[in-house]
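Bear in mind that the values here come from a model prediction, so they are computed numbers and not experimental data. Heavy-atom basis, side chains included; hydrogens, waters and symmetry copies ignored. Reminder, nothing fancy here: chain letters follow the sequence lines and each chain counts from 1.
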Protein chains: 2
Amino acid sequence: MQISGEHRRILVVDDEPQITRVLRTTLSSQGYDIRTASDGESALETFHDWSPHLVITDLAMPNLDGVGLCRKLREKSQVPIIVLSVRGQERNKVEALDAGADDYVTKPFGMNELLARVRAHLRRVVPEEKQEQAIAVGDFSLDPEARRVLVRGEEVRLTPKEFEVLSYLLRHAGKAVTHRALLAAVWGANSTEQPEYLRVFVGQLRKKIEADPANPKYLLTEPWVGYRFEPGE
Amino acid sequence: MQISGEHRRILVVDDEPQITRVLRTTLSSQGYDIRTASDGESALETFHDWSPHLVITDLAMPNLDGVGLCRKLREKSQVPIIVLSVRGQERNKVEALDAGADDYVTKPFGMNELLARVRAHLRRVVPEEKQEQAIAVGDFSLDPEARRVLVRGEEVRLTPKEFEVLSYLLRHAGKAVTHRALLAAVWGANSTEQPEYLRVFVGQLRKKIEADPANPKYLLTEPWVGYRFEPGE
DNA sequence: AAGAGGTTCATAAAAAGTTTGTAAAAGCGC
DNA sequence: GCGCTTTTACAAACTTTTTATGAACCTCTT
């Protein structure tokens with residue numbers, strides 16, 4: 001498991017199942033999330049649904065070939081594209097690269113080389129597009145980019161851990177959140193057996209966001225289960 | 001002559017004069033500006049003086065080899081690097097790519113392929129103008145060309161590093177900027193583990209731009225995360 | 001139905017561990 | 001030498017973790 005590769009999504013496009021299978025296996029083992037497509041058209045669909053960070057594609061495919069796929073992708077996206085092909089002739093390479101591909105690797109290729117090229121291209125991808133979107137529920141709004149929380153229009157200063165706890169609760173507003181889930185989300189999957197933290201931090205949060213911390217209106221406890229966040233109407 | 005290649009500067013590094021000569025000729029004919037260096041050390045010098053848009057380098061060189069050159073360049077720069085080498089073994093490729101190279105082409109290579117790869121990498125280079133635009137937020141305005149900053153109409157003298165720090169913060173005004181991001185932007189991607197710089201420079205900046213440096217109004221600290229620039233209304 | 005025993009929850013506060021602001025010394029390049 | 005950057009040091013401020021205590025709650029027994 002490597003930090004820089006975590007959660008990066010790679011779309012593999014090839015009409016030969018044995019190729020996609022081996023790529024899926026190898027890339028998955030490096031910690032990447034993989035989806036595959038067997039032709040250009042379905043690749044475009046998956047691309048739009050899933051927004052991968054990198055595309056690896058074959059050249060010869062039904063429906064829409066590799067060069068066509070590159071052109072289509074480039075109309076909308078800057079995603080790095082690596083073309084894999086058995087055709088090693090220079091004009092094929094030039095055509096693909098000029099169509100928008102970033103790299104051209106000739107089959108058969110060494111898997112370590114491909115992985116290194118994948119790393120090289122992913123390095124350039126803007127670090128972690130913030131998947132975190134602003135949330136607004138009831139009297140609360142939370143902006144992860146600015147790292148700010150507003151309660152009834154007032155800004156509330158939160159420490160990092162408080163922020164993460166509240167963030168998780170807001171994202172699951174209205175639902176009962178188990179101790180385990182909350183602990184795992186904020187403290188990591190390891191410390192799921194220490195609910196003392198939660199009591200302390202929930203207490204702190206209530207002091208900061210509740211009008212009457214002793215009789216919480218938003219941050220309710222769900223006995224024997226966990227907590228539940230109830231946004232004001 | 002092609003439009004996309006106009007005025008782009010390419011640094012060619014190789015200790016064999018016949019290689020640099022043919023590359024210079026070919027690349028020049030495509031409208032690129034070329035300089036050459038015959039070893040890693042002088043390549044670094046030329047790089048700093050000339051800020052090329054792309055570097056093409058051999059692997060085997062006196063003084064500082066291709067891999068070392070990649071590492072050195074990556075400390076400060078995101079410039080695309082294409083490595084040319086007679087060594088076609090996979091571990092050479094992996095080593096170079098992981099050292100920061102973006103592409104690895106084995107000699108002998110087709111010139112059209114190389115040109116296509118050059119075009120592919122140059123496509124990704126951010127057009128300079130984008131980074132050089134003036135910014136004005138709240139009480140601040142910053143002119144990158146003149147390297148001047150005005151706070152409430154008053155000019156403030158800043159050192160180069162101070163300027164870059166403030167520039168980055170202004171470009172992300174209102175958002176929490178992580179230590180990592182700020183360090184990477186100003187000191188290069190390698191020095192992301194030295195937040196001491198930031199403390200010092202933020203302190204300097206506050207002295208220069210805040211009315212009361214001890215109680216900052218603009219340059220706020222976001223504890224455990226980084227800093228946030230809040231423009232005056 | 002009431003009470004004992006055990007568990008969970010809330011709160012406060014002490015202890016431990018980090019981070020931040022600041023000053024100043026050392027290093028570097030022109 | 002001079003100005004800028006880097007390094008070092010340390011106290012102050014802050015966050016997180018740990019600990020303690022009492023109240024509230026459930027279960028089981030009588």
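Toward the 5' end of DNA chain D, the nearer of the two residues B/Arg157 and A/Phe201, judged by each one's closest nucleotide, is B/Arg157. Comparing A/Leu158 and A/Pro223 against DNA chain D, the residue whose closest nucleotide sits nearer the 5' end is A/Leu158.
Here the CG atom belonging to B/Leu69 is positioned 6.5 Å from the CD1 atom belonging to B/Ile81, to the nearest 0.5 angstrom.
Taking a 4.0 Å limit (strictly below) on heavy-atom distances, residues 160-167 of chain B does not reach DNA chain C anywhere.
On the nucleic acid side, DNA chain C has its first and last nucleotide under 4.0 Å of a heavy atom of chain A at C/dT8 to C/dA12, going 5' to 3'.
Straight-line distance from the CD atom of A/Glu222 to the P atom of D/dC25: 14 Å, rounded to whole Å. In this entry the distance linking CZ of B/Arg147 with C1' of D/dG3 reads 16 Å, nearest Å. Taking atom CG on B/Leu183 and atom P on D/dT6, their separation rounds to 11 Å, with Å as the unit.
Judged purely by atom type and a 3.5 angstrom limit, B/Ser42 uses its side chain to pair as donor or acceptor with the backbone of B/Asp39.
Counting only residues at least two apart or on different chains, the salt bridge (charged side-chain N to carboxylate O under 4.0 Å, His left out) pairs with a member in residues 56-72 of chain B are B/Asp58-B/Lys107. Under the salt bridge (charged side-chain N to carboxylate O under 4.0 Å, His left out) criterion, the residue pairs touching residues 173-187 of chain B are A/Glu145-B/Lys175, B/Arg180-B/Glu193, with sequence neighbours excluded.
Figure legend: cation-pi geometry between A/Arg147 and A/Phe163, with NZ or CZ positioned under 6.0 Å from the six-membered ring centre and within 45° of its axis.
Applying the side chain to side chain donor-acceptor pair (under 3.5 Å) test to B/Glu164 and every residue at least two apart in sequence or in another chain returns nothing. A/Asn112 pairs by the side chain to side chain donor-acceptor pair (under 3.5 Å) definition with nothing, not counting sequence neighbours. With sequence neighbours left out, the side chain to side chain contact (heavy atoms under 4.5 Å, CB included) criterion links B/Tyr197 to B/Leu183, B/Trp187, B/Gln194. A search for side chain to side chain donor-acceptor pair (under 3.5 Å) contacts involving A/Glu113 returns A/Arg117, B/Lys93, not counting sequence neighbours. Applying the side chain to side chain contact (heavy atoms under 4.5 Å, CB included) criterion to B/Ala214, with sequence neighbours excluded, gives B/Asp212. With sequence neighbours left out, the side chain to side chain donor-acceptor pair (under 3.5 Å) criterion links B/Gln89 to no other residue.
A salt bridge between A/Lys217 and A/Glu210 is absent, with no side-chain N of the basic residue lying under 4.0 Å from a carboxylate O of the acidic one.
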Strand DNA chain C as a dot-bracket string - pairs counted if Watson-Crick or G-U with both distances under 3.5 Å, | where the partner lies in another strand: ||||||||||||||||||||||||||||||
What N/O pairs connect the protein and nucleotides 7-11 of chain D at under 3.5 Å? Give each pair on its own line.
residue, atom, partner, partner atom, Å
D/dT7, OP2, B/Tyr197, OH, 2.5

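Between A/Tyr218 and A/Phe140, the gap from one ring centroid to the other is short of 6.0 Å.
Contact annotation: A/Thr159 reaches the phosphate of D/dT16 (side-chain N/O to OP1 or OP2, under 4.0 Å).
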